[in-house]
Structures are given as C-alpha cells and as structure tokens.
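The structure under discussion is supplied below as structure tokens; questions concerning it will follow.
Side chains included, hydrogens not; waters and symmetry mates left out as well; all remaining heavy atoms used. As the structure lists them, so they are numbered: ligands from 1, and atoms in each ligand from 1.
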Amino acid sequence: MPSEFELIRRRFTYPTDHTDLGIGDDCALFRTQTNMQTVVSTDMLVEGTHFLPDAHPFDVGWKTAAVNISDIAAMGAAPRWIVLSMALPAAEDAWVDAFSQGFFECCTAFGVDWIGGDTTRGPRALNATVIGEIPTGQAICRNGGRAGDDLWISGQPGLAALGLQHLQKKITLHPDWVEPCLTALHRPQPRVKLGQALRNIASAMLDVSDGVLGDLGHLLESSRCGASLEEALIPFAAPLAACGDKALAREMLLSGGDDYELLFSASPAHREKIAQISASLELPLTMIGSLSHKAGSIWWVMEDGTTEQGVAKGYDHFTEGK
Ligand code: ADP
Ligand code: MG
C-alpha cells in the first residue's frame with residue numbers, strides 16, 4: 001500500500017524543457033554549457049515566519065519559486081533548474097495541488113525546469129534550491145561597487161510591505177492600492193531580464209528582500225563603501241498614495257522588505273544605457289544616490305540641500321512604536 005506521501009510524490013509529473021531526466025528517478029540529470037559558470041542558491045519559507053497560515057497555497061507556491069529565482073537574477077545569471085523540498089503537516093491534496101500550480105507557473109514564467117524534490121511530514125515549510133548559469137566571469141557580485149558609482153533601484157519598493165500591513169489590519173490602504181500592494185506581496189516578479197541586461201554595466205548588485213536600507217548595508221559592507229542617498233530621488237510617491245502617511249510610506253519603502261527588486265551600483269558613464277534598459281523592459285529604474293569613500297556610512301541629502309547622517313537614526317525612529 002503506498003503511503004499518502006508517496007501518492008503526493010507520484011503527482012509531481014511536470015514537463016521539462018532543457019533537462020535530460022526530470023522528476024521520478026533517484027536524481028535528475030542535466031547538462032551545463034561550456035564557458036558557463038553554474039550558480040546555486042537556496043531559500044526556505046516557513047509558515048508563520050514567511051507567509052501567513054491562511055495564505056493562498058497558489059501564492060505560496062509562486063513565492064517559493066520567485067524568491068529563489070530572484071537570487072539568481074541578482075547575480076545577472078539565467079535561472080535554469082529548481083528542486084523543492086516540502087514539509088507538510090498532512091497529505092493535503094487541495095493545498096498541494098494549488099501550491100504546485102503556483103510553483104510551476106512561476107518556474108515556467110522564468111524558464112526554469114522543476115526537476116525534483118522531497119516530501120515529508122512536519123510543520124509546513126518549503127525549501128527550494130535553484131541552479132542557474134552565467135558566462136564565466138560575468139557574475140555581478142556585491143563587492144564590486146566603487147566610490148562615485150550611482151546607486152539604482154528597480155521597480156517600486158515598499159508596496160509589498162504595505163500589503164502585509166493591510167492584511168494584518170494594522171493599516172487600511174487606499175482602495176485603489178489594495179490590489180497592487182497585495183500583488184506585490186503575493187506574486188513578486190524576480191527581475192531576471194534586468195539582471196542579465198546589467199551584465200558588464202552594474203558594478204555590484206543584490207536583490208532586496210529585507211528592505212532597501214538593510215540590503216544596501218550588505219552591498220556597502222562588501223564593497224567597502226559608504227553611500228549618500230538623495231531624499232528627492234527616492235520613489236516615495238506610490239507608497240504615500242497607497243497609505244496616506246509619509247512616515248509609514250518611508251518606513252515601508254526603506255525598511256519594509258519582501259520587494260525582490262534589484263539594488264545596484266553602476267558608473268555614471270552607464271546612465272544612458274540604464275535608461276535604455278528601463279525603457280525596453282518597461283520597468284522603472286530609479287537613481288537614488290551614489291557610493292562614497294566613507295566605508296559603512298550613509299548620508300542623506302535632504303530636499304533643502306542639507307545633509308544628515310540619517311539612516312541609523314532614521315531607522316530607529318521609523319521602527320519606534322512598531
Ligand atoms: P527517494 O526515496 O529516493 O528520496 P522520493 O520518493 O522522495 O525518492 O521521490 C521520488 C521522486 O519524486 C524523486 O524523483 C523526487 O525528486 C520526486 N519528488 C519528491 N518530492 C518532490 C517534490 N516536492 N517536488 C518535486 N519532486 C519531488
Ligand atoms: Mg526523497
């Protein structure tokens with residue numbers, strides 16, 4: 001008699017596009033191309049920590065794939081293969097079906113073959129490992145930023161965090177913004193095309209999962225740089241329109257997280273090319289400041305031209321009363 005979990009495993013029969021042997025054997029088989037480096041990353045989502053217990057399983061599936069693929073995008077690489085390990089409290093057919101559809105749909109959207117995994121009983125947790133490829137030597141790491149480089153952010157950070165606040169009933173979003181914020185939260189779009197377009201342009205890059213400032217801190221640490229950020233350039237308008245509260249909009253954009261946008265540095269000589277990439281991908285790319293020599297420090301250039309060493313102070317202030 002097959003166990004419930006064996007029955008679940010047998011349902012995983014997803015087609016592959018560039019794989020020699022997919023789900024069903026002890027291992028999968030695929031070939032990597034010559035002159036390419038293989039990139040690997042893994043990310044785990046735990047119920048209650050990374051998603052709410054009542055989250056729709058399709059969305060959880062999409063997000064489990066998306067946050068993994070986002071790491072590959074952040075290296076400038078092409079995502080190719082993914083494996084998925086699931087711990088489930090019970091063999092819940094409907095949940096697994098919807099989850100798998102969401103996971104598969106995201107994989108398909110970004111050209112990734114789902115080639116294996118593991119399924120076991122336990123508190124609900126999902127772990128995926130994604131494998132990608134990049135021409136040797138072209139990966140965009142966190143440590144390549146240089147003083148004088150511009151700092152850029154893709155898309156609209158802040159909306160996903162506002163969506164979560166709304167679901168937790170901490171705030172009420174403007175009705176026009178409920179859907180965009182919830183879509184940003186539930187269906188993050190890994191910036192795969194952007195990452196690849198920025199090869200040989202971005203000097204350092206990472207994806208924003210923990211808030212723009214926190215992740216900027218990682219880039220600065222690795223690149224041994226400081227940064228100056230221009231208040232007037234930060235794209236506050238959309239989060240402000242969504243929640244109507246300037247301090248909250250600021251906090252969500254700068255420290256909220258779950259955005260999966262790309263934060264990158266690039267020489268000012270590349271401004272025109274970056275504008276062209278933005279136009280061709282129909283994706284806003286916003287220059288928010290620049291890298292400086294003073295390792296670890298972040299300075300704000302305020303709209304009236306004064307400067308403030310704002311981040312540490314600002315961050316504490318914004319997290320007060322949370
Ligand atoms: P084993 O006993 O060798 O670990 P399993 O019974 O766990 O094999 O898995 C059988 C097949 O089903 C393998 O090819 C495995 O990759 C696949 N599989 C199991 N769970 C998943 C999952 N969550 N996603 C994709 N494939 C899975
Ligand atoms: Mg197994």
Q) For ligand 1, which atoms, with element, lie under 4.0 Å from some heavy atom of Met86? A)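 The atoms of ligand 1 under 4.0 Å from a heavy atom of Met86 are 23 (N).
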(Q) Taking 4.0 angstrom as the limit and counting only heavy atoms of Asp26, give me the atoms of ligand 1 inside it, by number and element. (A)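 The list of qualifying atoms is 3 (O).
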Q) Is atom CD of Gln138 surrounded by more than 12 heavy atoms (other residues, nucleotides or ligands) closer than 6.0 Å? A)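 Above 12, so yes.
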Q) Is there a heavy atom of Trp114 sitting under 4.0 angstrom from any atom of ligand 1? A)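 It does, in that a heavy atom of Trp114 comes within the 4.0 Å cut-off of ligand 1.
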Q. Hey, does Asp25 come in under 3.5 Å of ligand 1, counting only N/O atoms on both sides?
A.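 It does: an N or O of Asp25 is found under 3.5 Å from an N or O of ligand 1.
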(Q) I need the atoms of ligand 1 closer than 4.0 Å to a non-hydrogen atom of Leu84, numbered in the order shown. (A)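 With Leu84 as reference, the close atoms of ligand 1 come out as 22 (C), 23 (N), 24 (N).
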Q) Mind checking whether Arg191 and Ser154 have side chains closer than 4.5 Å, heavy atoms only? A)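 They are in side-chain contact.
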Q.
I'd like to check Tyr14 versus Thr108 (side-chain heavy atoms, cut-off strictly below 4.5 Å). Are they in contact?
A.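 A side-chain contact is absent here, since even the closest heavy-atom pair is not under 4.5 Å.
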Q. Is Arg271 close to Met287 at the side-chain level, that is, under 4.5 Å between some pair of heavy atoms?
A.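 The answer is yes; the side chains approach within 4.5 Å.
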Q) Is there a nitrogen or oxygen of Gly22 sitting under 3.5 Å from a nitrogen or oxygen of ligand 1? A)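 No, there is no polar N/O contact under 3.5 Å.
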Q) If you measure every N/O of Phe12 against every N/O of ligand 1, is any gap under 3.5 Å? A)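 For ligand 1, there is no N or O atom that lies under 3.5 Å from one belonging to Phe12.
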Q | CZ (Arg224) with more than 12 external heavy atoms under 6.0 Å | A |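 Open.
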Q: Measure the shortest side-chain to side-chain distance between Arg80 and Asp113 over non-hydrogen atoms and say whether it is less than 4.5 angstrom.
A: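 The answer is no; the side chains never approach within 4.5 Å.
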Q) Should Ile23 be counted as touching ligand 1, given the test is an N or O pair under 3.5 Å? A)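 It does not: no N or O of Ile23 is found under 3.5 Å from an N or O of ligand 1.
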